[in-house]
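Everything on this sheet refers to the single structure shown next.
Since the structure is predicted, the reported quantities are computational estimates derived from the model, not experimental observations.
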Amino acid sequence: MSSGRKQYPFDLIEPKWQQKWDAEQTFRAWNPGETVPAKHPFGLRHGLAGKVAERSALPPKFYILDMFPYPSGAGLHVGHPEGYTATDILARYRRSQGLNVLHPMGWDAFGLPAEQYAIKTGQHPRKTTEENIANFKRQIKSLGFSYDWTREVDTTDPKYFQWTQWIFLQLYNSWFNPETNKAESIDTLKYPADCTTEEQKRAYRDNKRLAYVSEAPVNWCPELGTVLANEEVVDGKSEVGGFPVIRKPMRQWMLRITAYAEKLLNDLDTIDWTDSLKEMQRNWIGRSEGAEVDFQVDGHAAKIRVFTTRPDTLFGATYMVLSPEHKLVGEITTSAQAAAVKEYQRFATTKSDLERTELAKDKTGVWTGANAINPVNGEKIPIWIADYVLSTYGTGAIMAVPAHDERDFEFAKKFNLPIVQVVQPPDVKTDWRGFLDEGTAVNSSNADIALNGLSTKEAKRKISEWLDAKGLGKKTINYKLRDWLFSRQRYWGEPFPIIWKKDASGNLYHEALTASELPLRPPQLEEYKPTSDGQPPLARAKDWVNLPDGSIRETNTMPQWGGSCWYYLRYADALNGKVFVGPDAESYWMGTGKFQGEVKPGVDLYVGGTEHAVLHLLYARFWHKVLFDLGHVTTAEPFYKLVNQGLILGEMEFTAFNYDDGNPCSSNELKNVEEEATASGKRLVGVHKASGIKIAGRRIAENEVEKVTGGFALKTDKSILVDARSFKMSKARGNVVNPDEIVNDFGADSLRLYEMFMGPLQETKPWNTEGVEGVYRFLGRVWRMFVDDGSETAYEQAEAVATPETRGELLDLIILDGGILEAEPTKEQLKVLHTCIKKVTEDLEGMRFNTAISAMMVFSNEASTWQTKPFSVMKTFLQLLAPFAPHLAEELWSRLHSTFGHVAPSLTYAVWPKFDPALLVEDEVEIPVQVNGKLRDVIKVPTAATEAEIEAFALATEKIKAALEGKTVKKVIVPKKKLVNIVAV
RNA sequence: GCGCGAGUGGCGAAAUGGCAGACGCGCCAGACUUAGGAUCUGGUCCCGUAAGGGGUGAAGGUUCAAGUCCUUUCUCGCGCACCA
């Protein structure tokens with residue numbers, strides 16, 4: 001489409017308005033206490049022009065936030081503008097409703113790609129980052145989004161990361177007080193009696209901080225040369241790059257997110273997120289209720305503590321399993337078993353997480369030679385070690401109840417361990433072996449306690465009470481959530497404001513910088529690789545690391561998630577040099593605002609993809625809660641309403657399959673058809689159902705296929721079905737759509753409109769560039785509805801010979817269509833307009849952008865046929881269009897007003913039109929008439945007709961009489977005067 | 001395996017339990033044109049010349065009335081996955 005005639009001169013219109021909006025700071029959001037310039041349209045609308053915007057005088061706020069983009073070198077893809085357009089439309093709509101809208105944008109700019117580029121080329125990541133930001137910003141600006149650019153933030157800017165480091169100090173200098181159930185200053189910590197020396201106190205204190213150092217096994221990714229948080233490891237591979245991850249003990253900074261597990265879980269009930277997203281967070285937090293039970297090791301002083309959710313099955317515990325890394329393994333292993341145990345431990349630790357997952361089905365383990373005593377029946381049960389027990393969950397040890405646990409059952413079968421039934425399934429025909437659900441307790445009694453006959457629930461309660469009374473165990477709650485591993489062995493991140501010192505006995509300890517010493521900038525380096533002895537790149541900067549007093553700086557840096565944990569707070573007061581966010585700005589923009597009767601604490605609307613479900617969105621909630629506890633913010637949750645945009649897939653692709661001998665294979669002969677990466681790109685591979693052999697597909701063109709019953713088939717042989725599907729856009733597949741090209745060919749307004757017209761925001765949907773032409777044509781029709789044909793022809797002829805310098809003035813050649821007059825609208829015209837106002841307004845409230853656009857298309861289809869187009873109607877239509885296609889709407893709005901000698905008020909701050917229900921009422925309505933639920937006729941009746949009259953009308957028509965012939969009318973239903981259904985037999 | 005979501009024309013989709021397919025793409029026909037990959041007009045779920053009949057993944061159910069509610073089932077997508 002890049003050739004061919006333009007539907008309208010969007011290439012002149014769009015830059016013109018973007019420049020104007022920039023120059024006039026149209027979208028600037030005003031903080032309480034700021035002075036609004038005399039001519040600013042926001043001030044003019046709200047009576048604040050030239051005045052100080054006192055908080056009491058400001059209209060209610062509305063904070064609309066987009067997820068923080070990482071400015072990659074690849075630039076924007078069409079997925080970004082989907083969410084950005086949705087929020088921009090709502091931001092513009094809310095402004096016109098009279099709200100003070102905060103709609104900002106910025107850059108999550110620390111990150112791996114810039115650093116890896118630096119390692120390869122030696123170029124400072126700052127340079128790459130700046131270039132990428134400039135490109136992203138250019139692309140985003142070309143789409144005409146109404147951001148307040150004065151609030152732009154960049155996580156790599158020292159003015160920004162100074163405060164990221166400051167928040168780290170807040171975490172460092174706090175502990176979680178279980179009594180008050182919140183974070184408090186570390187100064188409120190009480191020391192136990194046996195902490196007497198400074199060293200002991202320091203150790204105790206450092207162990208309680210929300211930011212602490214741990215020496216545990218961590219996720220090490222050799223390929224990336226850094227550790228990763230649990231949330232960044234997917235299927236044993238790094239989320240970024242998909243490289244293998246192994247477990248390695250290392251000293252690392254951790255953040256105590258587990259202290260907030262309960263709050264993070266419970267407060268999900270106070271926010272308006274989708275159920276699926278809340279469910280993902282709940283699963284990740286993974287709360288489970290159960291009991292801890294102590295088992296005495298036979299012949300040892302040691303006890304083994306286990307966690308179980310099924311204490312009612314304690315009588316069925318026939319063996320125990322420790323994780324290979326469990327502390328007691330060495331102590332209890334008998335000499336006879338020592339060699340086997342050591343060998344198994346070695347085997348377990350060398351396995352990567354990936355291998356552990358892949359080999360999950362085959363159980364392995366060895367006996368330690370030791371036994372434990374089952375506290376309920378005194379029986380000796382063997383203690384094994386096996387890697388199906390994770391050291392990081394619960395106590396790292398389990399009681400195995402093979403009869404009623406799938407994993408224990410498999411393990412017991414493999415190693416011939418006894419299996420004892422303790423739960424009777426409700427249905428007697430169900431095999432109790434491997435029965436996991438609730439039932440009735442059996443074989444569970446001793447001299448002291450009897451569970452037999454009790455339901456699982458009752459049995460759990462009774463045994464828990466008994467264990468508690470006997471001092472053998474207690475009720476406990478466990479979480480899957482682990483503390484957040486917060487350090488990375490990288491250069492391009494925030495340095496920790498931490499220095500290390502040695503105490504009198506030569507042990508290292510850490511101290512934090514003070515807030516006044518921030519920002520701590522990273523040093524200049526010649527090379528960005530880790531050191532040869534495996535230290536992070538910052539260790540290369542000897543002058544930076546080694547301080548005059550002999551102490552040394554921390555050389556780890558913070559992960560990318562740090563900067564993105566609080567950016568939404570900085571937007572509220574982005575230029576504040578004294579605090580991370582001023583209290584007035586924070587409480588105004590983030591406070592508990594009331595709008596349309598709904599109480600919304602925090603950001604009013606947050607839109608982004610699901611990829612951050614358990615990373616950014618969990619981390620940010622955690623930081624926010626800490627800041628809330630410490631009194632720095634006024635709400636307990638940062639994001640009140642969150643909407644996930646759906647993924648945009650590439651255009652539909654067809655794939656044909658062939659056997660090895662070249663004969664075609666119909667796709668319905670295959671199962672498990674999925675994508676496979678090869679050296680030359682990606683392809684589809686399926687498994688032949690009959691033979692089980694793998695068959696690879698090849699992509700074919702759309703004109704080679706034809707629709708048949710059951711799918712698509714080859715044109716050349718219609719018995720051969722082909723696979724038809726859309727794929728995620730990726731460089732490897734070569735199906736990425738670049739927004740720049742769409743803007744160049746069709747304009748920003750068309751791109752915006754198409755992204756919204758594709759379907760509901762939340763759904764996954766395939767891209768189709770031909771669909772862009774559809775909305776582009778619609779905008780062209782709107783344009784032609786307003787402008788004079790002849791003048792446009794003159795414009796086009798002039799344009800063909802214009803120079804770039806003179807082109808801009810050519811727009812003046814275009815005049816308004818003669819049919820637009822300051823005339824009184826007809827009843828019909830008002831009805832068409834108000835139907836559109838109603839639909840667009842309601843759909844904006846419900847974020848149904850696709851149907852709002854179709855309502856405007858209906859309007860333009862109608863209005864195009866009008867001889868006389870009343871000024872007032874056309875003007876109002878432009879207001880409806882403005883949030884969606886702001887450039888075109890502004891251009892026509894200004895022409896419309898100037899043609900009639902009116903001063904055009906700012907379209908951005910023009911009062912949103914209200915629909916008048918009275919105008920939608922018709923004299924006559926069409927009512928469908930059904931006989932036994934089947935449509936037989938449609939009748940026209942006066943709107944004022946009563947139900948009885950409608951019924952009589954319906955029964956009297958020829959078609960209905962015919963349909964009722966030979967039948968007796970049993971009943972006539974006229975629901976809400978909308979339809980008649982005659983029941984007849 | 002577990003959890004969540006979705007299945008409607010050739011395609012993207014629309015439908016407070018009340019006329020299934022609005023709107024758009026594509027396609028077909030026509031008009032204007034030297035031309036059309038511009039624009040405008042009309043048509044376009046399936047069977048049938050028509051009258052009529054059938055139709056929202058499949059099978060049951062509730063209801064005067066079901067794409068929509070309930071039960072079973074199949075398919076696809078997403079998330080989690082030895083979490084005791």
[N], OP1 or OP2 - any side-chain N/O from [X] closer than 4.0 Å?
X         : N      : value
Gln7(A)   : U39(B) : yes
Ser288(A) : A84(B) : yes
Arg282(A) : C80(B) : no
Arg936(A) : G53(B) : yes

Which value, in whole Å, describes the distance between the [atom1] atoms of nucleotides [N] and [M]?
N      : M      : atom1 : result
U71(B) : G5(B)  : P     : 13 Å
G1(B)  : U8(B)  : P     : 24 Å
G3(B)  : G52(B) : P     : 50 Å
A14(B) : C23(B) : C1'   : 8 Å
U75(B) : G61(B) : C1'   : 23 Å
A20(B) : U56(B) : P     : 12 Å
C25(B) : A13(B) : P     : 16 Å
A84(B) : G67(B) : P     : 43 Å

Gap between atoms [atom1] and [atom2], on [X] and [N] respectively (whole Å):
X         : N      : atom1 : atom2 : answer
Phe849(A) : G12(B) : CZ    : C1'   : 18 Å
Asp789(A) : C40(B) : CG    : C1'   : 11 Å
Leu390(A) : C80(B) : CG    : P     : 16 Å
Lys765(A) : A6(B)  : NZ    : C1'   : 13 Å
Glu763(A) : A14(B) : CD    : C1'   : 13 Å
Glu965(A) : A51(B) : CD    : P     : 19 Å
Met652(A) : G12(B) : CE    : P     : 6 Å
Ile648(A) : C11(B) : CD1   : P     : 20 Å

- What is the distance from atom CZ of Phe415(A) to atom OG1 of Thr364(A), rounded to the nearest 0.5 Å?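 One finds 6.5 Å between CZ of Phe415(A) and OG1 of Thr364(A).
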- About how many Å separate CG of Asn478(A) and OG1 of Thr309(A), when rounded to the nearest 0.5 Å?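 Thr309(A) OG1 to Asn478(A) CG: 10.0 Å, rounded to 0.5 Å.
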- Given salt bridge (charged side-chain N to carboxylate O under 4.0 Å, His left out), test Asp362(A) with Lys414(A) step by step and report yes or no. CA-CA 9 Å; Asp362(A) 193 25; Lys414(A) 177 157 177 187; 3.3 Å; yes
- Excluding sequence neighbours, so at least two apart, what forms ring pair (Phe, Tyr, Trp, His ring centres under 6.0 Å) with Phe877(A)?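 Phe877(A): ring pair (Phe, Tyr, Trp, His ring centres under 6.0 Å) contacts with Phe859(A).
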- Task: Identify whether NZ of Lys or CZ of Arg in Lys6(A) sits under 6.0 Å from the centre of the six-membered ring of Phe10(A) and within 45° of that ring's axis.
- Result: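 Relative to the ring axis of Phe10(A), which defines the angle, Lys6(A) lies inside both limits.
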- Task: Find out whether the Lys NZ or Arg CZ of Lys363(A) is both under 6.0 angstrom from the six-membered ring centre of Tyr388(A) and within 45° of the ring's axis.
- Result: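 Geometry flag: set, cation within 6.0 Å and 45°.
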- For atom NZ of Lys278(A), decide whether the heavy atoms of other residues, nucleotides or ligands shown that lie under 6.0 angstrom number more than 12.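 Count over threshold, so yes.
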- Message: I'd like to know if Lys363(A) reaches the base of C82(B) with its side chain, counting only an N/O donor and acceptor under 3.5 Å.
- Response: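 Donor-acceptor pair under 3.5 Å: yes.
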- Of all the base pairs, Watson-Crick or G-U under 3.5 Å, which form stems of three or more consecutive pairs involving RNA chain B?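 As far as RNA chain B goes, consecutive pairing (with distances under 3.5 Å) yields the stems B:1-7 with B:74-80, B:10-12 with B:23-25, B:26-31 with B:39-44, B:45-47 with B:52-54, B:57-61 with B:69-73.
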Just checking, is any N or O donor in the side chain of [X] or [Y] under 3.5 Å from an acceptor N or O on the other one?
X         : Y         : value
Thr957(A) : Asp937(A) : yes
Glu792(A) : Trp783(A) : yes
Ser864(A) : Trp866(A) : no

- Quick one: what's the B/S/- string for nucleotides 16-29 of chain B, heavy-atom cutoff under 4.0 Å, read 5' to 3'? B-BB--BBSSS---
- Message: As a test of the definition: with a 90° window around 0 for syn, would you call G12(B) syn or anti?
- Response: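 That one's anti.
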- Item | First of Val983(A) and Lys839(A) reached from the 5' end of RNA chain B, by closest nucleotide |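 Its nearest nucleotide lies further toward 5', so the answer is Lys839(A).
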- Taking every non-hydrogen atom, the tightest pair across Arg287(A) and Leu265(A):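 That would be CD-CD2, 3.3 Å.
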